[in-house]
Amino acid sequence: MTFYAVAARFLLLTAIGFTCNPHQSLIVATEDATWRPDLPWGNLKSKISPSASLIDTTFMNYQKECIPEFVDYLWPDRTNHALIDQPHGLCLPHMYCGWQMCNPNPSDNGHLNETLSQVLQDQFPINQADKIGGELPASFDPSNTDSDVQDPSNPSLNLPAMVLFPVVASDVVAAIQFAKEHGLEISVKNSGHSYTGASSKKNTLHVNMNRYTQYATTSITDCDASIMGNAIAGRDLSDQPCHLSFAKKKSATIRVGGGENWDKAYRAVLAANQIGEEYKYHVLGGAAGTVSPMGWTFLGGLGGTTAGRLYGLGVDQVLQIEMVLPNGYHVKFGPTEWEDASAEGFIVPRTTGVSGLCRRNPEEQVEGKWKWGSCPDHVGINFGDLWFAVRGGGGGTWGVVTSIYLQLHDYLPFALYKFVDSEECSAVPNLHDEFKATYMIAPSLLNVTKEKSEACSAANGTGMHCFGEEDVMKAWTKFLQINNMMSLQDASCLVKDTTHKSFPETILESDARVENEGKAEDNPYPALVLTSGGQVLAPQSWAKENIKTIASNEPYFAFGGATATGSDQYNSLSQAHRNAAVMLSVGGALGVITAGFFSTDLFPQMFDISDKTKFPPVIGSNHAAAVNMGPRKKNWIESCPLTWTFEERNAKCISLQESIYGTERLKQLESIKEAVDPHYMFDCASCIGNNRLKKKAKKVKKGKKGKSPKEAKKGKSPKEAKKTSKGSKANEF
């Protein structure tokens, strides 16, 4: 984009801010700040752009702007689109996540003296009643003005008291520098779709990215092959995304802003596709419109509806990252060195070097005037560490992401296979997930090739989303023959829907609310209670012999194929994600992993637990809830007791973080966290380092440019440290 176009966009944003921004009156008056009135908020206000908003908030704002969505509308008529746009930026898609641990029961110590069994006894019936509009317990009923969820003095409240809506990167820089100067914590939110409640925290300066500059509609780029003669690192890394795209045998990219969600990204890609006679682009993304490409991607990114088994996971789509670090530096970085890894079974190059730049004029608000250059030596930013940690190590903990460049793929014909919900098909539904499991995990049983199997994927509870050549209907007939169910009704219980040419179109016209017409469907719908959590990554080595067990545990088919071979081998996503065939909900109430997994033969069958010093990665990160933990530390085949208090569970059981990343990978990430954010300015719930024992921050060590954590430690070059293993080692480096 030219300087003049960028300048014009900024001037337009500024004009809107001055003339018709409905939130402009919310800019805080320094003398009226109710949280930390001792701080010079006026100094921060003076450094942010005219369109940005710095807002003093109270629980009353949550009451007036957020709670009504859960009182006035029944599930599933609620929508996060309405919650995202509220003026004070406090709303969350799970209402109870406005309280610590997503639990509004009053507690003076963050629920440490409560037991998980108590929480389940309280919240399971609430979840059931909420879904059908039933009666709620008085203390948890948001329509009851005397309830705990309407009490402004409830000590469990976990809402930020000061909110910044940045519009440009200099606003974020100003906020982080202010927090650094005054010892404040920062919390970050795009849409709030965090199953651990990580995007809201009391006593923090909250950076809500929802009004940040949007790029998706103007940033789709068809890469020009003429750049191939230029240096990859270049003067400002502007050509780096296309260089990497060409290396992956692709030729188009999209830039997505830190405040945009998949609704905005999908609409941008669809609009670009509809310009020509034929569709051209495909983007791998989430199943719900209000999910953030940042949070979704950096926890892994499951493409169950968008061809993840063909193109890999969300972390594999990232070409370049732009963000503001806890030290206040605005940086951008991405791979600039790579080598072919096809001989080892990978479909993308192995990253061997990462380069990054710092912005030299961080106060400049017009993007066209930004000046990039080498980072000062004394800062010691290790861009290799950042590239590794951010892609897989979760959002909200490494800094504030202001934009990312994502890979666009060539368009493939799309078909959605739906299982008919009718009285005639009532005997078949129990076989739907078994059919999907067979097609995607053991396709040879249905005479389906590996390539045609990998063309399809499915989120839990959905039909099959297929791209390109597949063989679903023939496989369905074969499956019915094997199960002696060949009546006409049985055969017609699976139908092929070709109404839509791409996945985004299936959700862009689905939202029930008139005011959201044209926006992508929000599913799962907002609810009182957080209901996800018990997501176990079942490995390929186990899955083929256990199809029926898979079918009975709410399978999520976004694994296999490119999720193992599409890695650049330089990301922190757990090896369990790469080895997985499917993700299973093996828990009990509200998705909590219970004795139904760790205390049975399933756990040792799926995972190698012979080395008692290295707990393996087990849980899928995208849908992991804060109440989940691994087994007892002293006995890995004994589940963490529900009757223990959370304080006991934290001390005696494997943490959620270790259950997601495994012992070794977690240590790597914790080490990088200490270097990137030694004072834990970003300390979100269940994020890397959040389960630590509080200790003195270590001195930041100067990192070596472009080397991965393991390479820097051993003093090896990327080439010397490269792996020769097959796809099962996809994210080691």
Side-chain angles (χ1 to χ4, degrees), residues 80 90-104 107 110-112 114 116 119-120 123 127 156-160 185-202 204 206 286 288 290-292 294-302 390 392-398 524 526-537 572-574 577 583 585 587 590-593 617-630 640 646 649-650 653-661 666 669-670 673 680 682-692:
N80 200 32
L90 297 177
C91 300
L92 299 157
H94 297 94
M95 196 195 90
Y96 288 173
C97 284
W99 290 260
Q100 289 175 301
M101 293 185 67
C102 301
N103 180 4
S107 172
H111 306 290
L112 288 177
E114 296 178 29
L116 183 53
V119 174
L120 296 178
Q123 295 197 3
N127 180 55
S156 296
L157 275 168
N158 201 32
L159 301 170
E185 278 191 40
I186 285 182
S187 55
V188 189
K189 180 166 61 182
N190 176 306
S191 63
H193 261 287
S194 167
Y195 285 103
T196 62
S199 59
S200 185
K201 188 174 184 179
K202 62 184 176 181
T204 62
H206 185 66
T290 56
V291 166
S292 155
M294 271 51 66
W296 176 86
T297 297
F298 298 140
L299 279 172
L302 308 183
V390 175
T397 191
W398 309 104
L528 297 177
V529 178
L530 188 63
T531 58
S532 185
Q535 310 290 336
V536 168
L537 297 166
S572 54
L573 195 64
S574 79
H577 285 81
M583 188 167 71
S585 297
L590 304 183
V592 174
I593 294 181
V618 174
I619 297 177
S621 48
N622 273 100
H623 296 173
V627 294
N628 259 305
M629 301 196 80
C640 192
F646 284 105
R649 288 168 63 84
N650 291 339
C653 299
I654 299 292
S655 70
L656 174 62
Q657 291 93 329
E658 192 169 359
S659 300
I660 291 173
Y661 295 100
L666 181 60
L669 288 168
E670 288 174 339
K673 174 67 176 177
Y680 288 84
F682 296 82
D683 195 14
C684 46
S686 300
C687 296
I688 298 297
N690 182 245
N691 63 319
R692 72 195 184 284

| task | Measure the spacing between NE2 of H193 and OG1 of T290 and express it to the nearest 0.5 Å. | result | 3.0 Å
| field | Inter-residue atom distance T397.OG1 - K673.NZ, 0.5 Å rounding | value | 3.0 Å
| Closest non-hydrogen atom pair, I688 against L666 | CD1-CD1, 3.8 Å
| note | Note: G192 and S199 closest approach over all heavy atoms is CA-OG, 3.4 Å
| field | Nearest heavy-atom neighbours spanning A198 and A685 | value | CB-O, 3.6 Å
| said: Less than 4.5 Å apart, side chain to side chain, heavy atoms only: is that true for N103 and Y96? | reply: no
| Under the 3.5 angstrom rule, does the side chain of H111 hit a backbone N or O of F646 as a donor-acceptor pair? | no
| message | Nearest 0.5 angstrom please: S187 OG to L159 CG, how far? | response | 10.0 Å
| Are M583 and H623 close enough that some pair of their side-chain heavy atoms sits under 4.5 Å apart? | yes
| query | Would you call E670 and N691 a side-chain contact if the rule is heavy atoms closer than 4.5 Å? | reply | yes
| task | Calculate, to the nearest 0.5 Å, the distance between atoms NE2 and CD1 belonging to H577 and I619 respectively. | result | 10.0 Å
| task | For residues Q123 and P104, determine if any side-chain heavy atom of one lies less than 4.5 Å from a side-chain heavy atom of the other. | result | yes
| query | Does anything in residues 185-198 pair up under salt bridge (Lys or Arg N to Asp or Glu O under 4.0 Å), and if so which pairs, sequence neighbours excluded? | reply | E185-K201
| query | Any donor and acceptor pair, going by atom type alone, linking the side chain of N158 with main-chain N or O of S200 inside 3.5 Å? | reply | yes
| query | Can you check whether L112 reaches N650 side chain to side chain, under 4.5 Å on heavy atoms? | reply | yes
| task | Answer yes or no: is there a donor N or O on one side and an acceptor on the other, between the side chain of Y661 and the main chain of G392, under 3.5 Å? | result | yes
| query | Taking the side chain from N127 and the backbone from L528, do they hold a donor-acceptor pair closer than 3.5 Å? | reply | no
| query | Under 3.5 Å, is there a donor-acceptor pair between the side chain of S572 and the main chain of G393? | reply | yes
| Nearest atoms (heavy-atom pairs only) where K202 meets L157 | CD-O, 3.1 Å
| said: Using every non-hydrogen atom in the two residues, find where P617 and S574 come nearest and quote the distance to one decimal. | reply: CB-CB, 3.6 Å
| said: Apply side-chain contact (heavy atoms from CB on, under 4.5 Å) to residues N80 and S191 and explain how you reach the verdict. | reply: CA-CA 8 Å; N80 200 32; S191 63; 4.1 Å; yes
| request: Taking the side chain as every heavy atom from C-beta outward, state whether S585 and Q535 have any atom pair closer than 4.5 Å. | output: yes
| request: Please determine, by modelled atom types, if S686 and T196 share a side-chain donor-acceptor pair under 3.5 angstrom. | output: no
| query | In Å and rounded to the nearest 0.5 Å, what is the SG to CG distance from C640 to L656? | reply | 11.5 Å
| Is L669 close to W398 at the side-chain level, that is, under 4.5 Å between some pair of heavy atoms? | yes
| Within-4.5 Å side-chain heavy-atom neighbours: S107 and E114 | yes
| query | Does I660 offer a backbone N or O that forms a donor-acceptor pair with the side chain of S621 under 3.5 Å? | reply | no
| request: Considering non-hydrogen atoms only, spot the tightest contact between L92 and G98 and give its length. | output: CD1-N, 3.6 Å
